[in-house]
There are 2 protein chains.
Amino acid sequence: MKRTRRACDVPDATIHRLPLYLEKLKLLQAIGVEDVSSRQLAESLDIKASQLRHDFHYFGGFSRPGRPYQVDTLVPALEQIIGISEPQPTVIVGAGHLGQALANYSNLEVQGFPVAGIFDVNPKLIGLEIRGQPVRDMDELEPLIRDKGVRIAILTVPSANAQNVADRLVRAGIVGIFNFAPMDLKVPETVVVRNERLAVGIMSLSFKVKCIVQGSSGRTRSLDD
Amino acid sequence: MKRTRRACDVPDATIHRLPLYLEKLKLLQAIGVEDVSSRQLAESLDIKASQLRHDFHYFGGFSRPGRPYQVDTLVPALEQIIGISEPQPTVIVGAGHLGQALANYSNLEVQGFPVAGIFDVNPKLIGLEIRGQPVRDMDELEPLIRDKGVRIAILTVPSANAQNVADRLVRAGIVGIFNFAPMDLKVPETVVVRNERLAVGIMSLSFKVKCIVQGSSGRTRSLDD
DNA sequence: TGGTTGCTGTCAAACACATAACAATTCAGG
DNA sequence: CCTGAATTGTTATGTGTTTGACAGCAACCA
C-alpha cells in the first residue's frame with residue numbers, strides 16, 4: 001500500500017541536483033553501463049555518496065538494499081520525478097539574440113523540452129525560421145499555448161515588457177516561467193518563476209576572481225599595470 | 001588601523017545576492033534616491049531586512065548606526081567588493097548562437113564586463129562582426145588575453161572542446177571561467193569555474209511545475225490527454 | 001554453510017544559513 | 001536638553017542542508 005509520496009516536499013538543493021544525476025546516468029546508459037553504486041555516481045559528480053543516497057531517499061526505493069542502482073531503472077524514475085517522462089512542449093517568447101540562441105539549442109528538445117512556438121513583437125523577426133519553426137506574432141501566443149497544452153515558457157524579452165508578457169502567459173495557462181529578463185516577475189502562487197540572471201553569474205565569478213588575484217599577492221603584477 | 005578584511009570568507013549565498021543589491025541600488029541611484037534603509041531595500045528584493053544587514057556585515061561599515069545607507073556610498077562599495085570598480089575585460093570563446101547572443105548582450109559591458117574578444121574555430125564565423133568586434137581565430141586567443149590582461153572568460157563551445165579550450169585559457173592566465181557547456185571542467189585550484197546549465201534550470205522548473213499541476217488535482221485534465 | 005565484502009536505506013551529528021532580537025546610535029521636535 | 005522614533009551593527013536562535021555512521025541485505029567464495 002503505497003502511501004501518497006511527498007515527492008514535492010523536497011529541498012531546493014536536492015531538486016537542483018536531480019538534473020545532474022539524470023545527465024550523468026544517461027551518459028552511463030549510452031555507453032552500456034548497467035549498474036552503478038552511489039559512490040561511483042557521486043564521485044563522478046564531485047559530491048558525497050551519502051548526499052546522493054540522501055537525495056534519492058526523498059523518493060524512495062530506487063534499488064534494493066545491498067544492490068547497486070540499475071541505470072535502466074534510475075533513468076526513467078528520475079525522468080518521471082522531474083516531469084519529463086512525456087516531452088514538455090515549451091514556448092519561447094522573445095526572438096532576439098538570446099531567444100534565437102535558445103531556440104537553436106538543440107539540447108532543449110533532447111532533454112525533453114521541444115520548442116512548440118517562438119514569438120516576438122518585432123515584425124521584422126516574424127516569419128524567420130529557426131530550426132524549422134517560424135517566429136510567430138504575439139497574437140498566436142494564447143491559442144498555441146492552449147492548443148498544445150504548453151505549461152512552460154522561456155521568457156527572453158526586454159525587462160520593460162517582461163511583466164506584461166508574463167501576465168499574458170499566466171492567463172493563457174502557463175505554469176512555469178524561465179525568466180531571462182533581469183527583473184522580478186509578479187505571478188500568482190500557482191505559477192513558478194525561475195530567474196536566470198547572467199549578471200549574477202558573472203558578478204559572483206568576478207568576486208571570486210578578485211579574491212584569488214588579491215589572495216595570491218606577489219603575482220599581482222597585472223593588477224598594477 | 002584597518003585589519004585585513006576577510007572580505008573573501010563569505011558564504012556563497014551572500015555572494016549571489018551582492019549583484020542583486022547592486023542592481024537595485026543603481027536603479028535607485030538613477031532615479032535620484034539618496035539614501036535607503038535596509039528595510040526598503042530588502043522589501044524591494046523580497047528578502048528580510050535582517051538578512052541584508054547580515055550580508056553587509058561581512059564587509060562592514062557601509063553606514064553609521066542609526067543612519068540609513070547612502071546610495072552613493074553603497075554603489076561604489078559593492079562594485080569594489082564584486083571587483084568591478086575597474087571594467088573587467090572578458091573574452092567569449094565560441095561564437096555559435098549562444099556566444100553571439102552573449103556578445104550582443106549589451107548589458108555585459110554596462111555591468112562592467114566589456115567584451116575584449118570573441119573567438120571561434122569555425123572559419124566561416126571568423127571575421128563576422130558583432131557589436132563592432134570581429135570574431136577572431138583561436139590563434140589570437142592567448143596573445144589577446146595576455147595583452148589586455150583579461151582574467152574572465154565566457155565559454156560557449158561544444159562540450160567536446162570545452163576542456164581543451166579551458167586548458168588553453170588557464171595557461172593564458174584566465175582566472176575565472178563562466179562555463180555554458182554542460183560539462184565539468186578540470187582546472188587548477190587557482191581558477192574559478194561557474195557552470196551555467198540551462199538544463200538544470202529548466203528541469204528544476206519542470207519539477208516544480210509537475211508538483212503544482214499534480215497538486216491541484218481536479219484540473220489534471222491535460223495530463224491524461 | 002559460514003564468512004567476507006560491498007551495497008543501500010536510514011538516522012544522527014555537524015555545519016551553514018536565515019531569521020529574529022536587541023543594544024547602540026542618530027536625528028527631529030518639543 | 002530630553003524623549004521618542006527610526007535605523008544600523010551584532011549577537012543569539014532556529015531552520016535547513018550536508019556529512020558521517022551504521023544496521024541490514026545481497027552476492028560471492030571457500
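Order of the sequence lines fixes the chain letters, A, B, ..., with proteins taken first and strands second; residue numbering starts at 1 for each chain.
- No side-chain N or O of A:Asn179 forms a donor-acceptor pair with one of A:Glu196 less than 3.5 Å apart.
- Within the nucleic acid shown, A:Phe62 comes within 4.0 Å of sugar-phosphate atoms alone, with no base atom in reach, counting heavy atoms only.
- For B:Gln70, the side chain to side chain contact (heavy atoms under 4.5 Å, CB included) test picks out B:Asp35, B:Thr73, with sequence neighbours left out.
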Expected string for nucleotides 13-18 of chain C under the B/S/- scheme (protein heavy atoms, under 4.0 Å, primed atoms plus P, OP1, OP2 as sugar-phosphate) is ----SS
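- Applying the ring pair (Phe, Tyr, Trp, His ring centres under 6.0 Å) test to every pair with at least one member in residues 173-208 of chain A, sequence neighbours left out, gives these pairs: A:Phe178-A:Phe180.
- Computed from coordinates, the A:Asp35 CG to C:dC7 P distance equals 10 Å when rounded to whole Å.
- The stretch residues 74-87 of chain B participates, sequence neighbours left out, in these salt bridge (Lys or Arg N to Asp or Glu O under 4.0 Å) pairs: B:Lys26-B:Glu79.
- Residue pairs that meet the ring pair (Phe, Tyr, Trp, His ring centres under 6.0 Å) test with at least one member in residues 10-32 of chain B, sequence neighbours left out, are B:Tyr21-B:Phe56.
- Straight-line distance from the CZ atom of A:Arg53 to the P atom of D:dC25: 16 Å, rounded to whole Å.
- With sequence neighbours left out, the side chain to side chain contact (heavy atoms under 4.5 Å, CB included) criterion links B:Gln40 to B:Val36, B:Ser37.
- Rounded to whole angstrom, the span from the CZ atom of A:Phe56 across to the P atom of C:dG9 amounts to 9 Å.
- In this view, A:Arg197 and A:Asp184, B:Glu23 satisfy the salt bridge (charged side-chain N to carboxylate O under 4.0 Å, His left out) rule, not counting sequence neighbours.
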Hey, what are the protein-to-nucleotides 1-7 of chain D N/O distances that come in under 3.5 Å?
unit_1, atom_1, unit_2, atom_2, d
D:dT7, O2, B:Gly66, N, 3.2

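- Contact annotation: A:His57 side-chain N/O to C:dG9 OP1/OP2 distance is not under 4.0 Å.
- Atom CG in A:Leu52 sits roughly 15 Å away from atom P in D:dG20 (whole-Å rounding).
- Atom pair A:Asp46:CG and D:dT19:P shows a separation of 10 Å (rounding to whole Å applied).
- Partners of A:Glu142 under the side chain to side chain contact (heavy atoms under 4.5 Å, CB included) rule, at least two apart in sequence or in another chain, are A:Arg146, A:Arg168, A:Ala172.
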